[in-house]
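All ligand and atom numbering here is 1-based and tracks the order in the structure.
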Amino acid sequence: MKAALSLPAFAALAMAGPLVPRQDIDFVLVEDAPDPTLVMVPVGPTAQSVTYDLAAATRSATANPLPVEAVEKRGATLVARSPCQPQPSGSGPRVSPDTDNAFLSSTELSSIAAAAPIPTDYSRMFVNLHASSSAYGYQGFTTLESYDTNLCAAKCNDILGCFGFNIYFERDPSVEPAASCPNPSSTTVIKCVFWGGLVAAENARNDGQWRNNFHVVISGSNGYMRTTVPTITGFNGQYLGNASINAPNDCNGKDTYMGSKIFTTTSFDPRLCSAACKSQNDYNTAHPPQNGRPKICKFLTTYVVAVNGRPEGQYCAMYTQPWDSSYATNFGQWRGNDQYTVGLAFSYSNISSPGLPVCPNDIDYLRSQGSEFCTSYVSYSAPTSTVTAPATTYTTQTITSSVTSVTTTTRTSTIT
Ligand SMILES: *[C@@H]1O[C@H](CO)[C@@H](O)[C@H](O)[C@H]1NC(C)=O
Ligand SMILES: *[C@@H]1O[C@H](CO)[C@@H](O)[C@H](O)[C@H]1NC(C)=O
């Protein structure tokens with residue numbers, strides 16, 4: 001993301017109090033990372049699958065120092081279409097009269113979308129929009145025989161890294177529009193599109209296109225997100241919504257923040273951040289600083305960072321100890337006229353070894369209680385253990401826009 005640093009940004013930075021710590025979104029990190037590329041779900045084909053290569057994504061996320069690596073391009077080979085060639089017909093209701101306006105105002109289509117059941121373990125993010133999603137982490141799509149939200153959810157559940165889906169009616173041409181058939185009759189296609197990122201009203205931005213004189217438009221577009229926190233072995237996960245952690249210093253006045261990475265090439269996946277945390281620990285242990293023990297990552301927050309609504313990638317911040325959701329107060333920042341926002345935020349803490357330091361109060365307590373303290377300290381576990389995101393919090397998020405990248409690369413900021 002390239003943006004000029006304008007005067008108001010300096011003013012904003014200057015006004016930032018001493019409590020605004022290093023763990024705010026790192027503008028340079030975001031700016032230096034390659035932009036995710038916009039994905040348009042193709043009109044015409046009946047399905048498209050996208051393989052999310054977790055192993056490759058993890059290698060990229062853990063590369064340190066970070067070389068530019070090539071990830072394979074998405075397999076979006078579009079078949080060349082001949083003029084007036086018949087196109088796949090959809091299974092949705094025919095709208096009469098056969099015009100874009102009738103399609104957009106069809107109460108038949110809107111009532112089907114409004115009445116569609118919310119699948120188990122999903123929450124509805126939006127209903128009946130006239131645009132489809134353009135989110136982070138494109139995972140392919142399929143066409144359905146009916147507007148079946150449960151079937152679309154079941155397919156999402158089977159896709160590694162699918163966080164949510166967008167289902168809608170699309171007014172497609174019955175034949176490929178060309179000079180000799182500029183505005184053919186339409187067919188109503190029901191699409192079910194899978195996303196490995198936040199599906200929200202703010203990023204439902206594709207409102208159709210013109211194919212010659214034929215107007216492709218969308219009706220009854222609904223979005224759904226899974227409400228469960230992805231599990232990572234050895235970590236306690238918690239959903240933080242549209243805020244990440246702003247941690248104070250620890251009880252000994254030490255900064256627990258270690259640094260951040262951004263991943264822009266794949267799907268949003270908290271496991272990429274936990275892999276980066278683990279590999280950072282290996283690196284730090286192998287390269288201890290001269291003046292003490294290295295910081296060890298025991299806690300992380302990860303989220304989709306967006307600039308003016310456009311997703312820029314998956315942010316991953318590392319800490320030496322857990323902080324509970326009461327510290328989730330970092331909703332993003334303004335940089336001049338550019339708004340940086342947080343969405344789909346999760347935190348994860350090391351279950352077996354939370355990394356909590358011995359505090360001065362503990363020492364006092366130890367002096368007064370003797371060995372009892374040791375027993376209680378050893379069995380202390382981190383105070384972050386929520387496993388299910390409350391469905392309602394999803395609907396109030398403000399992360400917008402959506403894009404997926406087909407390029408490659410991650411960048412890191414300095415880990416101190
Ligand atoms: C938790 O911390 C311990 C001690 O540093 C480490 O051995 C373990 O691998 C960590 N767990 C995970 C899942 O990273
Ligand atoms: C974040 O979400 C909360 C509700 O969960 C909402 O009140 C708040 O305005 C949102 N903040 C931003 C910056 O979008």
Between C162 and C156, does the SG-SG distance stay under 2.5 Å?
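Between C162 and C156 there is a disulfide, given that their SG atoms are under 2.5 Å apart.
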
Sorted by chain and number, the residues that approach ligand 1 to under 4.0 Å with a heavy atom:
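Ligand 1 is contacted, at a heavy-atom distance under 4.0 Å, by T233, G234, F235, K278, K298, N350, S352, S353.
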
List the atom of A113, the atom of N128, and the distance in Å for their closest heavy-atom pair.
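Smallest heavy-atom distance, with atoms named: CB-OD1, 3.6 Å.
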
Look up atom CD in Q280 and atom OG1 in T285, then write down how far apart they are to the nearest 0.5 Å.
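Between atom CD of Q280 and atom OG1 of T285 there are 9.5 Å.
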
Going by the salt bridge (Lys or Arg N to Asp or Glu O under 4.0 Å) test, which pairs reach into residues 163-173, not counting sequence neighbours?
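Only D98-R171, E170-K191 qualify under salt bridge (Lys or Arg N to Asp or Glu O under 4.0 Å).
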
Ring centre gap for F194 and F165 strictly below 6.0 Å
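Distance test on ring centres: not under 6.0 Å, no.
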
Is it true that W195 and Y138 have ring centroids separated by less than 6.0 Å?
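Ring-ring flag for W195/Y138: true, centres closer than 6.0 Å.
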
